[in-house]
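First the structure, in the form of structure tokens, and then the observations on it.
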Amino acid sequence: TDEQKQELHLKNVLKTQGFLEAYNYSFYSPKDFELMKLPEDAEERKVVKILNPISEELSLMRTFLAPSMLMNAVRNIRRGNDVGREFEVANVYVPNDTAAGEQPEERKHVVLGIWGGKNDFFDMKGAVERLAEVFHLTFTYERAQKSYLHPGVSADVILDGKTVGYIGELDPGIAVSLGLDKKVYLGELDIAAVETEMNDAVVYMNL
């Protein structure tokens with residue numbers, strides 16, 4: 001389908017920038033909210049709970065992909081993979097009115113993780129800008145206020161006045177709690193929010 005072709009194109013653009021594709025479970029633990037320092041009223045805490053989970057560690061459907069990508073980076077760093085780039089394209093699950101029998105909304109996101117070496121915030125921004133260039137999008141950036149990102153090294157990604165994602169360095173306090181000696185950078189885009197604007201066809205202009 002056109003949607004599948006577009007997703008494949010997005011993945012290939014990231015792969016040409018040195019990113020490897022990751023696959024993670026669609027669920028995570030309530031402890032991840034505490035790890036990411038999410039306030040009690042955060043939108044990410046409005047989750048779909050599994051009625052009969054395999055374990056408490058896999059009892060919530062993901063509302064954002066950053067915790068999974070962060071743990072990918074942690075596992076790699078602890079095993080000696082000191083420099084890395086990964087991405088994941090997957091659905092997040094937004095609860096609807098379950099009393100009325102409504103199924104959760106599934107929204108496609110892409111999350112990026114970069115760590116180690118000489119990588120910095122601008123490498124993450126460059127990866128997002130490359131996606132914007134390929135799909136003929138115009139992003140702007142504003143200072144982000146995310147509990148799990150460095151307050152001075154993070155930004156919201158804006159498209160047509162609407163926040164569609166974020167990029168930034170992992171909050172130093174979280175890095176310390178995980179025993180990380182490498183900086184980790186995270187980025188996430190709501191593909192569902194931008195796909196109507198995405199155009200990967202050839203564009204001709206009169207010069």
Side-chain angles (χ1 to χ4, degrees), residues 10-11 14-15 17-40 42-45 47-50 53-93 108-128 131 144-157 165-191:
L10 182 148
K11 290 180 177 181
L14 291 171
K15 289 174 183 177
Q17 297 182 78
F19 286 87
L20 300 176
E21 185 171 7
Y23 292 89
N24 293 297
Y25 288 119
S26 295
F27 1 84
Y28 45 34
S29 167
K31 295 177 182 177
D32 287 330
F33 294 148
E34 306 308 320
L35 171 65
M36 305 301 273
K37 298 183 176 180
L38 290 175
E40 290 299 325
E43 284 296 314
E44 293 90 342
R45 284 185 179 267
V47 299
V48 178
K49 297 181 180 179
I50 307 299
I54 300 172
S55 71
E56 182 70 10
E57 300 301 310
L58 299 172
S59 62
L60 305 178
M61 302 298 291
R62 294 191 293 181
T63 53
F64 67 132
L65 304 181
S68 300
M69 182 55 67
L70 172 57
M71 295 317 297
N72 285 2
V74 170
R75 282 190 292 270
N76 273 277
I77 292 170
R78 289 177 178 173
R79 293 171 184 174
N81 297 320
D82 292 337
V83 182
R85 293 185 172 207
E86 284 189 0
F87 76 91
E88 182 185 10
V89 177
N91 287 335
V92 299
Y93 299 85
K108 190 80 71 178
H109 278 208
V110 58
V111 63
L112 311 178
I114 298 177
W115 64 89
K118 296 182 179 180
N119 291 306
D120 60 18
F121 173 82
F122 294 101
D123 290 286
M124 178 63 74
K125 184 173 183 286
V128 171
L131 288 175
Q145 294 183 339
K146 294 279 186 189
S147 61
Y148 48 92
L149 296 180
H150 191 305
V153 194
S154 58
D156 286 328
V157 182
Y166 61 83
I167 53 176
E169 180 187 331
L170 179 67
D171 176 74
I174 296 177
V176 169
S177 72
L178 292 169
L180 296 177
D181 60 354
K182 311 289 180 187
K183 290 186 177 181
V184 175
Y185 299 88
L186 300 169
E188 188 164 348
L189 294 176
D190 183 347
I191 298 177

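In Glu34, the CD atom is crowded: over 12 heavy atoms of neighbouring residues, nucleotides or ligands sit closer than 6.0 Å. More than 12 heavy atoms of other shown residues, nucleotides or ligands fall within 6.0 angstrom of atom CZ in Arg75. Within a 6.0 Å sphere centred on NZ of Lys15, heavy atoms belonging to other residues, nucleotides or ligands number more than 12.
Interatomic distance, NZ of Lys146 versus OG of Ser154, reported as 9.5 Å (0.5 Å rounding). Distance check, rounded to the nearest 0.5 Å: OG of Ser26 to CG of Leu65 gives 9.0 Å. Here the straight-line distance linking atom CG of Leu170 with atom NZ of Lys183 works out to 11.0 Å at 0.5 Å rounding. One finds the OH atom of Tyr148 at 10.5 Å from the CG atom of Leu70 (value rounded to the nearest 0.5 Å).
Considering only residues two or more places apart in sequence or on other chains, Lys108 meets the side chain to side chain contact (heavy atoms under 4.5 Å, CB included) condition with Glu7, Val89, Asn91, Ile191. The salt bridge (Lys or Arg N to Asp or Glu O under 4.0 Å) test applied to Glu56 returns no partner, not counting sequence neighbours. Every residue two or more places apart in sequence or in another chain that forms a side chain to side chain contact (heavy atoms under 4.5 Å, CB included) with Asp190 is listed here: Arg107, His109, Ala192, Ala193.
Taking every heavy atom of both residues into account, Ala127 and Leu112 meet most closely at CB-CD1, 4.1 Å. The two residues Gln17 and Arg85 come nearest to each other via the heavy atoms O-NH1, 3.0 Å. The heavy-atom pair separating Tyr185 from Asn119 by the smallest distance is CE1-O, 3.6 Å.
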Practice task
Start with the C-alpha gap between Asp181 and Ile77, add the side-chain angles, then the distance that decides, and say whether side chain to side chain contact (heavy atoms under 4.5 Å, CB included) holds.
Solution key: CA-CA 9 Å; Asp181 60 354; Ile77 292 170; 4.1 Å; yes
Practice task
Starting from the C-alpha separation in whole Å, work towards a yes-or-no answer on side chain to side chain contact (heavy atoms under 4.5 Å, CB included) for Thr63 and Glu43.
Solution key: CA-CA 8 Å; Thr63 53; Glu43 284 296 314; over 6 Å; no
Practice task
Show your reasoning for whether side chain to side chain contact (heavy atoms under 4.5 Å, CB included) applies to Leu60 and Asp32.
Solution key: CA-CA 10 Å; Leu60 305 178; Asp32 287 330; over 6 Å; no
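Under the side-chain contact (heavy atoms from CB on, under 4.5 Å) rule, Glu86 has a single partner from Val111, Asn76, Ile114, which is Asn76.
One N or O on the side chain of Arg45 and one on the backbone of Pro39 form a donor-acceptor pair closer than 3.5 Å.
Between Tyr166 and Phe64, a ring centre-to-centre spacing not shorter than 6.0 Å is recorded. Taking the six-membered ring for Trp, Phe27 and Tyr93 have ring centres at least 6.0 Å apart.
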